[in-house]
Colleague: 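Sending over a structure as structure tokens; questions will come in a sec.
Quick note: residue numbers are just sequence positions, from 1.
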Amino acid sequence: MFTQTPKMMKLSPESVNLTGKSTHFSAECWFDDACILDMDYFVKTLSDIKAKGVRPELIGSIITHYASKWLPDLSNDEGSEVFVGPKDFEDSPESVTAIWMKKRFFVETLVGILPPEKDSIPCNFLLRLLRVANMVRVEPSYRVDLEKRISWQLDQASLKELLIPSFVHTCGTLLDVELVLRLVKRFMNFDESVRSGSALIKVAKLVDNYLAEAAVDANLTLSEFFGLADALPAHARSTDDGLYRAIDTYLKTHPGVSKQERKTLCRLIDSRKLSPEASLHAAQNERLPVRAVIQVLLSEQTKVNKHQIDWSGSFISGMRSPNQLGLIEPPARCMSKREMNVQQMEIKRLKEDVLRLQSQCMTMQSQIEKLLEKKRGSGLFGWKKIIVPSLVNKVDKIGEIDRETDVGYVARQTPGDMKTRLVRGRTPNKWRKSLS
């Protein structure tokens, strides 16, 4: 418990005007006066101020400023001058255990007096408070209350404050990934009013950035990465560039990931949502499976074809007169010659990549077929090796003669050719020539 000093001044709720909407007072002066009070007197004063109908946002600002003055861990300003109380935590001559007990009591008291309204306390301050709460091992009920409030306004959180380290020695990762997974799942369990379209998109972008930071940790397992990435629905991401960056970072940090696990991770990416820059990087990425690269190339080719169709359609419609269309539309921006050349070169390069991959696939398939034929050809006891080569040659020649006479030659000959053949067949013998 905090005790008062002779320099402490008494402050009552009646000494300041905090009741109306048009409040006129010096907030910083009131905060500094409140910070010299002990914890019990501050709680009593704050409850009296709440009873007078003060706005929740003002109550929240009072609490955040008071907590930042007493506990520097909760301050967002790194270079700000921190108020040193009569019994400051860091300069106290007491043991480390006593200091931690005071910090725990301080955090639990703050959680108990937080206003219940949604936007009364900033989400980043709640995250800093949760970081200290996990560090000093507060009661589970206070920690669960903080996590619920943070999940309620998770779309307002920043990546810097979300990078909470893991204070559990049994956890292998440096960051508390399980905590973020709990926050995201609680956010998804709220109704549509809380997780609206814009809020869901912000949370998805925050999760992708968090995954990119957590993927650097070599101890991050595939199940943890996949669980957090899959906690959000597919429509939550307007673009998959952030998710692709996180997966590429994970594959780069974990080179021992199997081929099947790489396929599992790449199933999270929708190649249709990748930007041209991300698609170009993915097409040249050797860490991705071949199937994923082909999907990216096909998606990019489909986008280019659709763009060409839309561009040609708009060009044809622009040739019509406004009377035929029934309305006058502003002319669309035409692509410059340089942009068209770049686009054509990109299309040509993508087609070459697709053809190269197709040829590689066909080569691999033919090699596999040759191996299978070689296996079948050997058979039991290798009968082909036992056959006499001369007999085989004779059979082959007989087959060629039969095919030539029965099929090949007859099919090509005409009535004139048949007559010529008959005439040549009646040539007299050599002994008849000697009599003449």
Side-chain angles (χ1 to χ4, degrees), residues 1-11 31-50 59-78 80-116 120-151 161-171 173-176 178-180 182-183:
M1 178 146 336
F2 304 104
T3 57
Q4 299 184 19
T5 62
K7 292 184 179 180
M8 288 185 180
M9 58 181 296
K10 295 289 183 180
L11 182 65
F31 290 156
D32 293 338
D33 292 340
C35 285
I36 65 175
L37 301 176
D38 64 342
M39 193 68 180
D40 291 339
Y41 194 82
F42 175 76
V43 173
K44 182 179 180 302
T45 304
L46 195 65
S47 61
D48 294 339
I49 294 174
K50 286 181 180 179
I59 298 295
S61 62
I62 293 171
I63 294 174
T64 54
H65 189 81
Y66 176 79
S68 301
K69 287 288 184 178
W70 272 102
L71 195 59
D73 297 334
L74 300 175
S75 178
N76 190 26
D77 301 329
E78 296 178 357
S80 61
E81 183 180 356
V82 180
F83 174 78
V84 180
K87 301 239 334 153
D88 190 44
F89 292 126
E90 306 298 335
D91 298 333
S92 176
E94 300 173 354
S95 64
V96 178
T97 305
I99 294 174
W100 276 51
M101 292 296 292
K102 283 187 177 182
K103 285 186 178 182
R104 181 187 298 178
F105 170 75
F106 187 81
V107 172
E108 290 177 355
T109 306
L110 283 180
V111 175
I113 63 175
L114 292 177
S120 58
I121 301 291
C123 185
N124 291 331
F125 175 79
L126 294 175
L127 284 169
R128 292 194 295 271
L129 191 61
L130 180 60
R131 179 199 299 260
V132 180
N134 290 341
M135 182 176 62
V136 298
R137 303 287 194 275
V138 298
E139 293 294 329
S141 58
Y142 294 102
R143 179 180 54 79
V144 171
D145 189 15
L146 270 177
E147 290 182 5
K148 287 181 179 178
R149 293 179 64 93
I150 293 171
S151 301
E161 305 299 340
L162 194 63
L163 297 174
I164 299 176
S166 177
F167 297 101
V168 181
H169 299 290
T170 57
C171 184
T173 56
L174 298 175
L175 297 176
D176 199 345
E178 295 181 357
L179 168 63
V180 180
R182 289 197 303 268
L183 295 177

Colleague: Under 4.0 Å between a Lys/Arg side-chain N and an Asp/Glu carboxylate O for D40 and K44?
Modeller: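 Salt bridge absent between D40 and K44.
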
Colleague: Considering non-hydrogen atoms only, spot the tightest contact between F105 and M39 and give its length.
Modeller: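 In terms of heavy atoms, the two residues are closest at CE2-CG, 4.3 Å.
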
Colleague: Can a donor-acceptor pair be found, under 3.5 Å and without considering hydrogens, that links the side chain of S68 to the backbone of H65?
Modeller: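 Checking the backbone N and O of H65 against the side chain of S68, no donor-acceptor pair under 3.5 Å is found.
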
Colleague: Shortest non-hydrogen contact from I59 to P115?
Modeller: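 Closest approach of I59 to P115: CG2-CG, 4.2 Å.
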
Colleague: Using only atom types and a distance under 3.5 Å, with no angle test, would you say the side chain of R131 pairs donor to acceptor with the backbone of P165?
Modeller: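 Flag not set: sc R131 to bb P165 has no pair under 3.5 Å.
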
Colleague: Let me confirm one number: the OH-CD1 distance from Y66 to I113, rounded to the nearest 0.5 Å.
Modeller: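 Spacing of OH (Y66) from CD1 (I113) equals 8.0 Å.
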
Colleague: Might you point out which heavy atoms bring A67 and F125 nearest each other, and give the distance in Å?
Modeller: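 Heavy atoms only, the tightest pair is CB-CZ, 3.8 Å.
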
Colleague: Minimum heavy-atom separation for A133 and L146, please, with both atom names.
Modeller: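 That closest heavy-atom pairing would be CB-CD1, 4.2 Å.
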
Colleague: Please examine the side chains of L114 and D145, heavy atoms only from C-beta on, and report whether any two atoms are closer than 4.5 Å.
Modeller: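 Sidechains of L114 and D145: no contact.
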
Colleague: Could you grab the distance from atom CG of L174 to atom CG of L163, nearest 0.5 Å is fine?
Modeller: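 Going from CG on L174 over to CG on L163, the span is 11.0 Å.
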
Colleague: Does the side chain of L130 come within less than 4.5 Å of E161's, by heavy atoms?
Modeller: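 A side-chain contact is absent here, since even the closest heavy-atom pair is not under 4.5 Å.
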
Colleague: For residues V111 and V138, determine if any side-chain heavy atom of one lies less than 4.5 Å from a side-chain heavy atom of the other.
Modeller: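 A side-chain contact under 4.5 Å is absent here.
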
Colleague: Can you tell me if E108 uses its side chain to pair, donor with acceptor, with the backbone of Y142 under 3.5 Å?
Modeller: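 No, because the side chain of E108 does not come within donor-acceptor range (under 3.5 Å) of the backbone of Y142.
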
Colleague: Using every non-hydrogen atom in the two residues, find where G60 and I121 come nearest and quote the distance to one decimal.
Modeller: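 In this case the closest contact between G60 and I121 is CA-CD1, 3.3 Å.
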
Colleague: Taking the side chain as everything from C-beta on, heavy atoms only, tell me whether I62 gets closer than 4.5 Å to F42.
Modeller: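 With C-beta onward as the side chain, the pair touches.
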
Colleague: Answer whether the closest heavy-atom distance between the side chains of I63 and S120 falls below 4.5 Å.
Modeller: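 Not touching, per the 4.5 Å side-chain cut-off.
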
Colleague: Do N124 and R128 come close enough that some side-chain heavy atom pair is under 4.5 Å?
Modeller: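 Side-chain contact under 4.5 Å: yes.
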
Colleague: Determine, stepwise, if the pair L179 / N134 fulfils side-chain contact (heavy atoms from CB on, under 4.5 Å).
Modeller: CA-CA 10 Å; L179 168 63; N134 290 341; 3.9 Å; yes

Colleague: What is the distance from atom CZ of R137 to atom CE of M101, rounded to the nearest 0.5 Å?
Modeller: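 One gets 13.5 Å once the value is rounded to the nearest 0.5 Å.
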
